[in-house]
Amino acid sequence: MDRTHIKRDASGYAEALSCEAEGLACLAKALAEAGVTGISVPEVYRVDEAELEMTAIQASSGSEQGQRILGDGLARLHELRQARFGWGRDNFIGLSPQPNRWCESWGEFFVGDRLGYQVSRIRNPGVRSRFEAMLAQQGDAVAWWLDRHCAHPSLLHGDLWSGNVLFDGDQPWLIDPAIYCGDREADLAMTEMFGGFGRAFYQAYDRRYPRTPVYERKRDLYNLYHYLNHYNLFGGGYLGGCERGFDTFAAIGGSAG
């Protein structure tokens, strides 16, 4: 057996670690199906409600070559067409529940099951009612626009910030997924939320599977989900990001309506 790392549950949810284990296994399977050999995923040896035992990673500073491998491999993963949007099991993103279902419409799923769910969790009634009104007024138009600009469902890591990519020399490892099937550019959007991904990553991705002309608009909309999640978890420091995201939401809804 390889060196192992034991992760202990910090979420308080009984299924959190089993969902993470499922996500790792699904990522590994999809990467293999896509013919990706340069990206690794920890192997799960044991999981229960308290602990997840998996491959230990000897992390080091990421190299430019590692960034290229990551970009090309992620593009190949995203090229693999999935049957529907969503997922067949509720899971978690960080410390938050992430409800799922299968859906034929990406726009309907993202607006309702991603943005709508996070807005419903907002504790401040004034903020919650304001955001709920925007979803009600512009949600159908935004969903229609997203459906027009999403070619097919892709398996997403779901929480692809730099802390969830480790490097062992030139070899990237994907950890802590929040998987579901959606627009590939939602994964790319999250890579820009906190930075940490180099130019070589984006160049390699775009060589294999170029981003769409409306990526920048989608980026700000998709990261609204993560800003809402961070606002619900950590408080008002993320409210400004939510406000900016809803400005984009309103602008897209206004132009599409």
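We use all heavy atoms of the structure for the numbers below, so side chains are in, but hydrogens, waters and symmetry mates are not. The first residue of the sequence shown is numbered 1, and numbering continues consecutively from there.
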Please tabulate, for side-chain N and O atoms in residues 33-41, each donor-acceptor pair with protein atoms closer than 3.5 Å (sequence neighbours left out).
residue : atom : partner : partner atom : Å
S40     : OG   : Q171    : NE2          : 2.4

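For the pair L52/Y45, no side-chain contact is recorded, criterion being any heavy-atom separation below 4.5 Å from C-beta on.
Summarising the geometry of Y215 relative to L188, their closest heavy-atom pair is OH-O, 3.2 Å, with the distance given to 0.1 Å. Of all heavy-atom pairs between V119 and R128, the closest is O-CG, 3.3 Å. Taking both residues in full, the closest heavy atoms of W106 and C150 are given as CD1-CB, 3.9 Å, listed atom of the first, atom of the second, then distance. Listed here is the closest heavy atom pair of G169 and S63: O-OG, 4.0 Å. Between G196 and Q67, the closest heavy-atom pair is O-NE2, 3.9 Å. Listed here is the closest heavy atom pair of C103 and R84: O-CB, 3.8 Å.
Judged by distance alone, the side chains of R89 and S18 do bring a donor and an acceptor atom under 3.5 Å apart. A donor-acceptor contact under 3.5 angstrom links the side chains of T212 and E185, judged on distance only. Between the side chains of H78 and D187, at least one donor-acceptor pair of N or O atoms lies under 3.5 Å. There is no side-chain donor-acceptor pair under 3.5 Å between R121 and Y231.
Under the side chain to side chain donor-acceptor pair (under 3.5 Å) criterion, N91 pairs with Q98, N100, sequence neighbours left out. In this view, H5 satisfies the side chain to side chain donor-acceptor pair (under 3.5 Å) rule with no residue, not counting sequence neighbours. Residues that satisfy the ring-ring contact (aromatic ring centres under 6.0 Å, His included) test with Y225, not counting sequence neighbours, are absent from this structure. For the side chain to side chain donor-acceptor pair (under 3.5 Å) test, no residue two or more places apart in sequence or in another chain qualifies with Q58. Checked against salt bridge (Lys or Arg N to Asp or Glu O under 4.0 Å), E216 has no partners two or more places apart in sequence or in another chain. A search for side chain to side chain donor-acceptor pair (under 3.5 Å) contacts involving W145 returns H149, not counting sequence neighbours. Checked against salt bridge (Lys or Arg N to Asp or Glu O under 4.0 Å), D113 has the following partners two or more places apart in sequence or in another chain: R101. Remark: D72 engages R76 in a salt bridge (Lys or Arg N to Asp or Glu O under 4.0 Å) (not counting sequence neighbours). Residues satisfying the salt bridge (Lys or Arg N to Asp or Glu O under 4.0 Å) criterion with D90, sequence neighbours excluded, are absent altogether.
In this structure, the ring of Y202 has its center no less than 6.0 angstrom from the ring center of Y205. Taking the six-membered ring for Trp, Y180 and F85 have ring centres at least 6.0 Å apart. Residues H226 and Y238 keep their aromatic ring centres 6.0 Å or farther apart.
More than 12 heavy atoms of other shown residues, nucleotides or ligands fall within 6.0 angstrom of atom CZ in R46. Atom CD of E49 has 12 or fewer heavy atoms from other residues, nucleotides or ligands within 6.0 Å. The 12-atom threshold is exceeded at CD of E79, counting heavy atoms of other residues, nucleotides or ligands nearer than 6.0 Å. Within 6.0 Å of atom CD in E64, 12 or fewer heavy atoms from other residues, nucleotides or ligands are found, so the atom counts as exposed in its surroundings.
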Practice item. List the steps and the verdict of salt bridge (Lys or Arg N to Asp or Glu O under 4.0 Å) for R211 and D206. Key: CA-CA 6 Å; R211 285 170 284 180; D206 288 335; 2.7 Å; yes

Practice item. Apply side-chain contact (heavy atoms from CB on, under 4.5 Å) to the pair L174 and V165, showing each step before the final yes or no. Key: CA-CA 5 Å; L174 298 178; V165 180; 4.0 Å; yes

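Following chains of ILVMFWY side-chain contacts shorter than 4.5 Å, one can reach F194 starting from L239, so the two form part of one hydrophobic cluster.
Within the structure, every pair that satisfies the ring-ring contact (aromatic ring centres under 6.0 Å, His included) test and touches residues 11-38, not counting sequence neighbours, is listed here: Y13-F92. Evaluation of the salt bridge (Lys or Arg N to Asp or Glu O under 4.0 Å) test over residues 134-163, restricted to residues two or more places apart or in two chains, returns none.
Aromatic ring pairs are classed by plane angle as parallel below 30°, tilted from 30° to 60° and perpendicular above 60°; the pair F110 and Y222 is perpendicular.
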